[in-house]
Amino acid sequence: MTHITIGTHADDAASPLRLDARRFNRHTFWCGQSGSGKTYALGVVLEQLLLHTELPMVIIDPNGDYVRMRETRPSVDPDVRERIRASDVRVFRAGAAAPNGARVRFADMTAASKAAVLQLDPIGDADEYNALLSFEASAGAIEADTILDRLRSGSNPGWARLAQRIENLQILDWDVWSRGGPCVVDAIDERPRASVLDIGGFAHPAEPLVASLAVLERLWVRRAERRPVLIVIDEAHNLCPPDVRSAVQAAITELLVQIAAEGRKFGLWLFLSTQRPTKIHPNVLAQCDNLGLMRVNSPRDLDELTQVFGFAPEELVRRSSSFRQGQALFAGSFIGEATVGQMGERLTQEAGSDVAVPLG
């Protein structure tokens with residue numbers, strides 16, 4: 001099957017709305033303000049890709065919205081239920097107690113990424129940055145829980161200052177490190193049908209960024225293997241905003257800009273979801289050839305969308321301000337003609353639905 005059915009045409013409920021699954025080999029931007037049904041609708045598309053393609057997906061999930069992708073709803077056809085349950089969907093959760101944790105190896109990260117984690121500037125912290133490079137060259141692959149002993153046992157005085165920095169930042173206390181145990185990037189290397197990284201449960205605000213950086217970096221480092229993967233990033237503004245707030249966020253943004261510009265030919269395809277286009281780095285946004293647009297009211301955002309996505313008719317883009325929940329405009333390479341549709345029902349359980357108001 002080359003097309004997936006995700007709903008119906010907005011003006012004809014009997015007419016199925018289909019996307020060309022082959023065209024997810026282009027970067028996709030998915031946008032809708034809070035309450036538009038964006039997260040639910042994204043789940044509809046991911047379910048259909050799971051069912052009707054062999055495309056592996058890496059889903060960076062900050063709110064735990066997709067951790068129940070193998071749990072079907074009671075009304076689902078039994079055959080479809082069995083196909084979903086048989087799919088190789090792996091969930092990696094944040095936190096020390098998670099048995100299948102979203103954990104990474106410090107040793108796997110590049111020197112530049114390690115420097116970002118350690119908040120080292122190559123100019124402002126020249127001595128310590130140089131000490132990190134010399135340590136990398138001489139010590140080889142060192143895990144986070146053994147790095148202090150190795151640094152202090154060396155003769156380089158810069159290594160001692162580096163050890164002090166690590167202690168002061170309390171980086172070794174983070175739950176994100178695998179410490180010799182299972183590592184999420186090893187599982188992703190196996191290319192399961194879907195790898196869901198539930199990164200919302202970490203204690204330190206830098207840990208979700210570190211986990212995401214390590215995964216994205218691994219995919220980029222091994223890009224020459226040309227093994228296709230759809231990189232789904234929910235709340236993508238957390239990883240590639242126009243104005244970065246930390247060294248790790250800057251490293252991720254730089255990497256995503258590179259993937260957006262060059263990753264397509266290597267089989268690294270982005271699927272970015274967020275509430276507003278202005279919250280995404282422009283060099284990433286400009287590389288997207290598919291658009292899924294749900295309700296957006298902001299005039300500034302509508303102006304941005306019409307400028308960036310020239311292939312989407314301006315009239316339909318501006319019509320999105322009046323969309324009902326679950327309605328979306330689809331335009332770009334994955335659909336023949338720009339179309340407004342109504343999203344279909346989810347097949348699997350939605351894990352991150354809104355919390356109801358207690359009424360007593």
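Using a distance-only test at 3.5 Å, with no hydrogens or angles considered, no donor-acceptor pair links the side chain of S87 to the main chain of V89. Of the possible donor and acceptor atoms, none in the side chain of Q33 sits under 3.5 Å from a partner among the backbone N and O of R276. Without hydrogens or angle criteria, E82 side chain to D79 main chain gives no donor-acceptor distance under 3.5 Å. Looking only at distances, no side-chain donor or acceptor of W269 sits under 3.5 Å from a matching main-chain atom of F24. Here the side chain of R165 pairs a donor or acceptor atom with the backbone of Q119 at under 3.5 angstrom. Proximity of a side-chain donor or acceptor of D61 to a complementary backbone N or O of G64 within less than 3.5 Å is detected. Without hydrogens or angle criteria, H9 side chain to D11 main chain gives no donor-acceptor distance under 3.5 Å. No donor-acceptor pair under 3.5 Å is formed between the side chain of D234 and the backbone N or O of T274. N130 places no side-chain N or O within 3.5 Å of a backbone atom of A126 that could act as its donor or acceptor partner. With hydrogens and angles disregarded, a donor-acceptor distance shorter than 3.5 Å links the side chain of E207 to the backbone of D175.
Side-chain contact check for W159 and S134: at least one donor-acceptor pair (N or O, by modelled atom type) lies under 3.5 Å. Side-chain contact check for T253 and H281: no donor-acceptor pair (N or O, by modelled atom type) lies under 3.5 Å. A donor-acceptor contact closer than 3.5 angstrom is absent between the side chains of T278 and E304. Side chains of E47 and T348: a donor on one and an acceptor on the other come within 3.5 Å. A donor-acceptor contact under 3.5 angstrom links the side chains of R18 and T5, judged on distance only. Of the N and O atoms on the side chains of T110 and E217, at least one donor lies less than 3.5 Å from an acceptor on the other residue. With 3.5 Å as the limit, one finds no donor-acceptor pair spanning the side chains of D289 and S333.
Counting non-hydrogen atoms of other residues, nucleotides and ligands closer than 6.0 Å to CZ of R73 gives a total above 12. Residue N168 places its CG atom among more than 12 non-hydrogen atoms of other residues, nucleotides or ligands, all under 6.0 Å distant. More than 12 heavy atoms of other residues, nucleotides or ligands shown are found within 6.0 angstrom of CZ on R227. For E225, the CD atom counts as densely surrounded, since its 6.0 Å shell holds more than 12 non-hydrogen atoms of other residues, nucleotides or ligands. Annotation: Q164, atom CD; neighbour count of heavy atoms from other residues, nucleotides and ligands within 6.0 Å does not exceed 12. Heavy-atom contacts from other residues, nucleotides or ligands closer than 6.0 Å to CZ of R81 number more than 12.
Criterion: ILVMFWY side-chain heavy atoms under 4.5 Å apart, direct or through other members. Under it, L305 and F311 are part of a common hydrophobic cluster. No single ILVMFWY cluster, assembled from side-chain heavy atoms under 4.5 Å apart, contains both V244 and I252. Residues L148 and L120 fall within the same hydrophobic cluster, defined by Ile, Leu, Val, Met, Phe, Trp and Tyr side chains chained together at heavy-atom separations under 4.5 Å.
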* Check the pair K38 / D65 against salt bridge (charged side-chain N to carboxylate O under 4.0 Å, His left out), numbers first and verdict last. => CA-CA 11 Å; K38 172 175 59 69; D65 290 319; over 6 Å; no

* Verify salt bridge (charged side-chain N to carboxylate O under 4.0 Å, His left out) between D198 and R93, making sure each step is shown before the conclusion. => CA-CA 5 Å; D198 176 13; R93 297 180 183 272; 3.5 Å; yes

* Taking it one step at a time, do E315 and R319 satisfy salt bridge (charged side-chain N to carboxylate O under 4.0 Å, His left out)? -> CA-CA 6 Å; E315 177 188 357; R319 181 178 156 189; over 6 Å; no

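Between the CZ atom of R83 and the CG atom of L51 there is a distance of 5.0 Å, given to the nearest 0.5 Å.
Between N63 and E235 there is a side-chain heavy-atom pair separated by less than 4.5 Å.
For the pair R346 and Y40, the cation-pi test (distance below 6.0 Å, angle within 45°) is passed. F266 carries R223 over the face of its six-membered ring, with the cationic atom under 6.0 Å from the centre and within 45° of the normal.
When each of T39, L291, L42 is checked for a side-chain contact (heavy atoms from CB on, under 4.5 Å) with W30, only L42 meets the rule. Applying side-chain contact (heavy atoms from CB on, under 4.5 Å) to V117 and the options L209, V176, V248 leaves one that passes, V248.
In this structure, the ring of F271 has its center no less than 6.0 angstrom from the ring center of F29.
Using bins of under 30°, 30° to 60° and over 60° for the plane-to-plane angle, the ring pair F106/W177 lands in the perpendicular bin.
Partners of Q325 under the side chain to side chain contact (heavy atoms under 4.5 Å, CB included) rule, at least two apart in sequence or in another chain, do not exist in this structure.
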